[in-house]
Amino acid sequence: MKILVIGSGGREHALAWKLKDSPQTEKLYAIPGNPGMAAIAECVPHIVPTDNEAVVAFARENGIDLVVVGPEAPLAGGLVDALAAAGIKAFGPAKLAAEIEGSKAFSKDLMKKYGIPTAKYEVFSDAAAARAYVKAGGAPIVIKADGLAAGKGVVVAMTEEEALAAIDEIMEDKAFGKAGSRVVIEEFMAGEEVSILAFTDGRTIRAMVPSQDHKRAYDGDKGPNTGGMGAYAPAPVAPPALVEEVTRTILEPTIRAMEKEGRLYKGCLYAGLMVTEEGAKVVEFNCRFGDPETEVVLPLLKGDLVEIMLACVDGNLADVEIPWSTGAAVTVVLAAGGYPKTYEKGAEITGLADAEAEGCLVFHAGTAERDGKIVTAGGRVLNVVAEAADIKAAVEKAYRGVDRVHFKDAFCRRDIAHSALERMK
Ligand code: AMP
Ligand code: GLY
């Protein structure tokens, strides 16, 4: 089969790497891809992932059998619908189903209507009413811009002042543009977070191994929020019994609800969960694989990703086996100094082959090729991934790989998987 991956991050590199593993894969393409993906796929940098017409035309001209869409923007923009209309199979939700991520108000209303556990909330399009609600309820409280804000439109306010400032920033100063014309104000949930990604064909849903992201920039979960500084799987905060509970109380009811609403959901459903004293509750849904969670979940998948994805598209996931490794995987993100604020690009990266020689996988996120050299081209630059028998061994192996890679002003967190390691003590 000829397979086309849409996207250019670490998640897409991991997807391409796992798809390559399938005996069914003849040739891989990537739009636009990255220098890491270029080793296994033909990259097509001149097509923009959100240009549905151009992607469909490329898929037609090249006889693509399956398109795998990584990021949310093309999903929200109806790329899967456009491909389906052209008779091309695509893994990922259609536009109406992708709204589960694109609009927080939609997903919160859906959960309320169908009794899916989540924090209590109200939606406001009027800043004065939002302020009055905060003043009545007090802190801690959580303020979220309604639309897509690249994961940055959320303020967990520990004081009333912080909450009021967040409303001003989102609704009056329009810090996130149109995404802030409505805000969702939520009850604060105390607990530990876990990500459960799941494959679904719209009717059957199968959870992948649970993973945990590290969203803060610095050790000890300090500093600003980022796109994710590392991850590990399986996350012991979600033992198998909890994953089963989540499947029964959250994943299955959600896809049934989406079907009832006329938004049959196919692809990967990402449930961001808080494990509270009252059980797991939804923090957010994403309509795609998580990044960097994918970089640790897919190495543990021992099944055929092409077969699983085709079953999701064709509606026969119930017939497919999804075996998992009993081991663990860890990814450490190497970032450019200054990230998530301003950072330099163009620094030469060395030691990639040495990290691989330590037994690590290296998935590229923000890199470019210049004069035959790999240079930095983004805030999150690389994922160094290690698989081992348990989390502790995987952490040690990942940092051995990390220590072999060098570029100017590189930094990473040194405490990835700390919560799992503390539990193992
Ligand atoms: P979101 O973009 O909705 O995933 O929110 C970003 C982050 O804010 C989450 O990963 C949580 O760490 C935190 N968060 C969001 N909603 C809540 C909540 N209701 N209670 C506590 N923390 C939250
Ligand atoms: N790791 C968080 C996300 O993919 O949204």
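Each residue takes its place number in the sequence, starting with 1. Counting starts at 1 for both ligands and their atoms, following the listed order. In this text, all values refer to a predicted model and were calculated from it rather than measured experimentally.
Geometrically, Lys112 engages Tyr121 in a cation-pi contact defined by less than 6.0 Å to the ring centre and at most 45° from the axis. For the pair Arg11 and Phe363, the cation-pi test (distance below 6.0 Å, angle within 45°) is failed.
Close approach of ligand 1 to Phe188 (heavy-atom distance below 4.0 Å) involves ligand atoms 20 (N), 21 (C). Remark: ligand 2 atoms within the under-4.0 Å shell around heavy atoms of Asp213 are 1 (N), 2 (C). Near Lys144, the atoms of ligand 1 lying under 4.0 angstrom from a non-hydrogen atom of the residue are 3 (O), 15 (C), 16 (N). Listed by number with element, the atoms of ligand 1 under 4.0 angstrom from any heavy atom of Met274 are 21 (C), 22 (N). Atoms of ligand 2 found under 4.0 Å from any heavy atom of Gly290 (numbered from 1 in listed order, with element): 4 (O). With ligand atoms numbered from 1 in the order given, ligand 1 contributes 10 (O) to contacts under 4.0 Å with heavy atoms of Lys215.
Of the N or O atoms in Met189, one or more lie within a sub-3.5 Å distance of an N or O in ligand 1. In terms of polar-atom proximity, Glu284 is not counted as a contact of ligand 2, lacking any N or O under 3.5 Å from an N or O of the ligand.
For residues 232-250, the side chain to side chain donor-acceptor pair (under 3.5 Å) pairs, not counting sequence neighbours, are Gln212-Tyr232.
For the residues Ile185, Val154, Val155, the heavy atom positioned nearest atom 6 (C) of ligand 1 is part of Val154.
Under 4.0 angstrom from ligand 1, the non-hydrogen atoms of Glu186 all belong to its side chain. At a heavy-atom distance under 4.0 Å, only backbone atoms of Glu187 (N, CA, C or O) approach ligand 1.
With sequence neighbours excluded, the residues satisfying side chain to side chain contact (heavy atoms under 4.5 Å, CB included) with Ala54 are Ile47, Asp51.
Between Tyr29 and Phe58, the ring center distance clears the sub-6.0 Å criterion. Taking the ring centroids of Tyr133 and Phe124, they lie under the 6.0 Å cut-off.
For Glu187, the CD atom is densely surrounded, since the number of other residues' heavy atoms within 6.0 Å is greater than 12.
Between Arg288 and ligand 2 there is a heavy-atom distance shorter than 4.0 Å.
Here the CZ-OG distance, from Arg182 to Ser103, works out to 5.5 Å after rounding to the nearest 0.5 Å.
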